[in-house]
Amino acid sequence: MSDENPHALDERYVWFRLVGEFEPDDITALAGLTPDHAFRKGTRPRPRASVRKVSGWLVNSRLTPADEFHDHLTDLIALLRPCWDTLRSLGRTHQAFVGAAIYCHWSQGPMIQVSPEHSASLADLGATLEFDIYALPEEAPDDDGPRLLTRDELAQLDASLREG
């Protein structure tokens, strides 16, 4: 891990998703954009899973998991721009979301910022912004200089501050 960027190991994923009563191939044809994932109402994601009650259509940002959240948003919006009017219309007919999954490997997660420009773009699409944030186990502490506290150490510090 780099001392300059304690979040170098964190992972960030961002996507645009439509959910509703539609045929995914129709969305692809209308948008002129191939989804990274699509599914039809009535299908099962895996054996013994519940049948899907709606269809879905999803496009991921093209950046790597190490890239910053706001850069993912910028990339995703740029990817969607050529079919913006179509997606805006579809976002009014169906449910539209911009989702993010962030996997944090350190006690304090990375900064998550949504600029006014990004907010305006998401609102124009009629997209709800949703987050899944995961706190993953940290690496074992070492004695090679300064480091962030582990979750257990933070909990112990918090408990001792509350007691004293």
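Remark: side-chain polar atoms of H118 are not paired, donor with acceptor, to backbone N or O of L73 under 3.5 angstrom. Proximity of a side-chain donor or acceptor of R12 to a complementary backbone N or O of A66 within less than 3.5 Å is detected. Although no hydrogens or angles enter the test, the distance criterion places a donor-acceptor pair under 3.5 Å between the side chain of D75 and the main chain of R62. Judged by distance alone, with hydrogens and angles left aside, the side-chain atoms of S89 form no donor-acceptor pair with the main-chain N or O of D85 at under 3.5 Å. The backbone N or O of T34 sits nowhere less than 3.5 Å from a side-chain atom of T28 that would complete a donor-acceptor pair.
With sequence neighbours left out, F22 forms a ring pair (Phe, Tyr, Trp, His ring centres under 6.0 Å) with H94. Residues meeting the salt bridge (Lys or Arg N to Asp or Glu O under 4.0 Å) test with D124, sequence neighbours left out: R88.
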Give every donor-acceptor pair under 3.5 Å between a side-chain atom in residues 126-133 and any protein atom, sequence neighbours left out.
residue	atom	partner	partner atom	Å
E130	OE1	R17	NH2	3.2
E130	OE2	R17	NH2	2.4

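Residues V114 and F69 meet the side-chain proximity criterion, which asks for heavy atoms closer than 4.5 Å. Side-chain contact between I77 and W84: present, with at least one pair of heavy atoms (C-beta onward) separated by less than 4.5 Å. Within the 4.5 Å cutoff, the side chain of C104 has heavy atoms near those of the D10 side chain. Two residues are said to be in side-chain contact when any heavy atoms from C-beta on lie closer than 4.5 Å; W57 and L33 meet this criterion.
When all heavy atoms of Q113 and H70 are compared, the closest pair comes out as O-CB, 4.2 Å. When every heavy atom of G56 is checked against every heavy atom of P24, the shortest pair comes out as O-CG, 4.0 Å.
Checking each of V19, L122, L125, L18 against F97 for a side chain to side chain contact (heavy atoms under 4.5 Å, CB included) leaves exactly one that passes, namely V19.
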